[in-house]
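Notes to accompany the following structure.
Residue numbers start at 1 and run along the sequence shown. Both ligands and their constituent atoms are indexed starting at 1 by order of listing.
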Amino acid sequence: MTKPIILTGDRPTGKLHIGHYVGSLKNRVLLQNQDKYDMFVFLADQQALTDYAKTPDKVIESIGNVALDYLAAGLDPDKVTIFIQSQIPELAELTMYYMNLVSLARLERNPTVKTEIAQKGFGESIPTGFLVYPISQAADITAFKANFVPVGTDQKPMIEQTREIVRSFNHTYQTDVLVEPEGIFPENEAAGRLPGLDGNAKMSKSLNNGIYLADDADTVRKKVMSMYTDPDHIRVEDPGKIEGNMVFHYLDVFGRAEDQDEIAAMKEHYQRGGLGDVKTKRYLLEIMERELAPIRERRLEFAKDMGEVYRMLEKGSQKARETASQTLSDVKAAMGINYF
Ligand code: TRP
C-alpha cells in the first residue's frame, strides 16, 4: 500500500534554534511517528548557495550541524529519508525542463522573491540562480511526488508556483506524471513563528536573540534569565504585563496540558503584582529544560561520531536519488526525449 508522501527541507545556513523546533521540527517528528506517511526531509544546500555562492563554508559546515539538530530532535533515519539536495543531480535536470514553462515576469511577481530582492539589495544585478530558485524548489517537491509540504507561511508562493508548474507540465505533455502538492501551514502564527528572546518578531542569528538546540545548559540558563519581560515592571510589587512579555509567551508555547493551571495562576499573580521576573524565568527554564535537555544530550551523543552522521546522509541521498531518477525518466518519457 502506498502512503501519502510528505517532503520538506531547510536551507543549511546555521544551527537550528528553538523557533525551528517548535515551528516545524517537532511536528515532523510527530508526523514521522504516526507511520501514515512516506517522509523526505532534506538539506537544501543548492538553494542556500544562491545566497552564499562566494562564501560556501557556512553552508558546508551547516550540513553537519543541521543533520545533528534533526537527529537530536528525534528524526529517525530508519523512518524518514534524510538527504542533501546537491547530491541528487536529477533535481537540476528537472529544473532545466521546468524553466521553459515559467516566464521571467512570473518569477519576478512571486511575493517572497520580491521581498527578498528588496532585502538583499540586488538592484539591477539579480543573480539568475537566485531568481529561479522557486523553480528548483518545484523540482525538489515534484521529484518525490510529494502530496504534502509542511512549510512556513512565507513559502506559500513557492507551493503555488509549484502547483502551476505541475499543471502546466501535465497539460503541455498530456500526462499525469507530476503530482500537485498541498502546503501544510502552521495553524496559528504564534506557534509557527517564535519571537526572539528580546521580543523581536524574528529569532535570528544576526539579531543574537535565539536559543539553539546545540546550546549547553548554562548558556540556555543565561539566555532565559536575560529575556525581555515588561520594562515597566520595576519592583516586584508592581503589577506586570503579560502581553509582549516573552517569558509568558514562551510559557504558552512550551507549557504542556498539565502545566496550564500553574501558568494561569502565575499570569494572574504577575498582573496583580508581587511576582518577580526571576521567579517566572526560573519556572520557564524548568519547563524548557524538560524538553531541551534530552535533545541536547542526544545531540552530544550523535556528535561523537560525525562519520556515522555523514554515512546516514549518504545512504539517505542514495535512496532519494532512486526516487528522483524514476520521476526524471517518467518526465523525459512524457516529453518524448527518451531517445534510446
Ligand atoms: N525554501 C525553503 C526555506 O527557505 C527550503 C526549501 C527548499 C524547501 N526546497 C524545499 C521547503 C522544498 C519545502 C520543500 O525554508
Side-chain angles (χ1 to χ4, degrees), residues 4-17 19-25 27-28 31-32 37-52 58-59 62-63 66-67 69-70 75 80-92 94-95 98 102 107 110-117 119-120 127 129-166 178-186 192-194 202-206 316-317 320 323-324 327:
I5 296 165
I6 292 187
L7 171 132
T8 186
D10 299 291
R11 294 181 180 207
T13 59
K15 293 174 186 163
L16 300 185
H17 53 58
H20 297 116
Y21 177 69
V22 297
S24 72
L25 267 182
N27 191 40
R28 291 179 198 172
L31 289 167
Q32 155 191 286
Y37 305 98
D38 253 341
M39 262 178 87
F40 294 90
V41 175
F42 75 104
L43 298 156
D45 60 340
Q46 288 178 320
Q47 195 176 111
L49 287 168
T50 63
D51 280 333
Y52 292 93
K58 163 115 166 187
V59 175
S62 297
I63 293 281
V66 178
D69 290 330
Y70 283 172
L75 285 182
V80 175
T81 307
I82 303 175
F83 68 94
I84 307 178
Q85 186 185 32
S86 61
Q87 304 309 297
I88 322 292
E90 287 78 8
L91 299 177
L94 284 172
T95 304
Y98 297 168
V102 183
L107 285 172
N110 180 315
T112 300
V113 168
K114 232 172 160 167
T115 314
E116 286 173 337
I117 288 174
Q119 276 169 356
K120 294 170 203 282
F130 170 81
L131 199 59
V132 301
Y133 93 73
I135 305 180
S136 137
Q137 188 156 337
D140 302 336
I141 295 170
T142 54
F144 300 93
K145 305 201 180 199
N147 303 99
F148 302 108
V149 185
V151 278
T153 321
D154 64 317
Q155 297 294 304
K156 235 174 214 170
M158 305 303 163
I159 307 291
E160 197 40 52
Q161 186 128 41
T162 302
R163 291 165 63 89
E164 276 177 41
I165 290 172
V166 168
L178 298 186
V179 173
E180 250 187 86
E182 261 175 66
I184 306 182
F185 305 100
R193 170 155 271 197
L194 190 69
K202 206 178 155 184
M203 183 175 283
S204 84
K205 184 144 223 160
S206 54
S317 300
T323 307
T327 304

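In terms of heavy atoms, Pro134 sits closest to Met158 at CB-SD, 3.7 Å.
Ring geometry for Phe144 against Phe40 counts as tilted: the plane angle lies between 30° and 60°, on a 0 to 90° scale.
With sequence neighbours left out, the side-chain contact (heavy atoms from CB on, under 4.5 Å) criterion links Leu178 to Tyr98, Thr142, Val166, Phe169, Asn170, Thr327, Val331. Thr115 pairs by the side chain to side chain donor-acceptor pair (under 3.5 Å) definition with nothing, not counting sequence neighbours.
Identified under the side chain to side chain donor-acceptor pair (under 3.5 Å) test for residues 82-91, with sequence neighbours left out: Asp45-Ser86, Gln85-Asp140, Glu90-Arg321.
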Report every pair formed by an N or O atom of ligand 1 and a protein N or O atom separated by less than 3.5 Å, giving atom names and the distance to 0.1 Å.
{"from": "ligand 1", "atom 1": "1 (N)", "to": "Gln47", "atom 2": "OE1", "distance (Å)": "2.7"}
{"from": "ligand 1", "atom 1": "1 (N)", "to": "Gln137", "atom 2": "OE1", "distance (Å)": "3.0"}
{"from": "ligand 1", "atom 1": "1 (N)", "to": "Gln155", "atom 2": "OE1", "distance (Å)": "2.9"}
{"from": "ligand 1", "atom 1": "4 (O)", "to": "Arg11", "atom 2": "NE", "distance (Å)": "3.4"}
{"from": "ligand 1", "atom 1": "9 (N)", "to": "Asp140", "atom 2": "OD2", "distance (Å)": "2.8"}

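With values rounded to the nearest 0.5 angstrom, Thr8 atom OG1 is found 9.5 Å from Leu25 atom CG.
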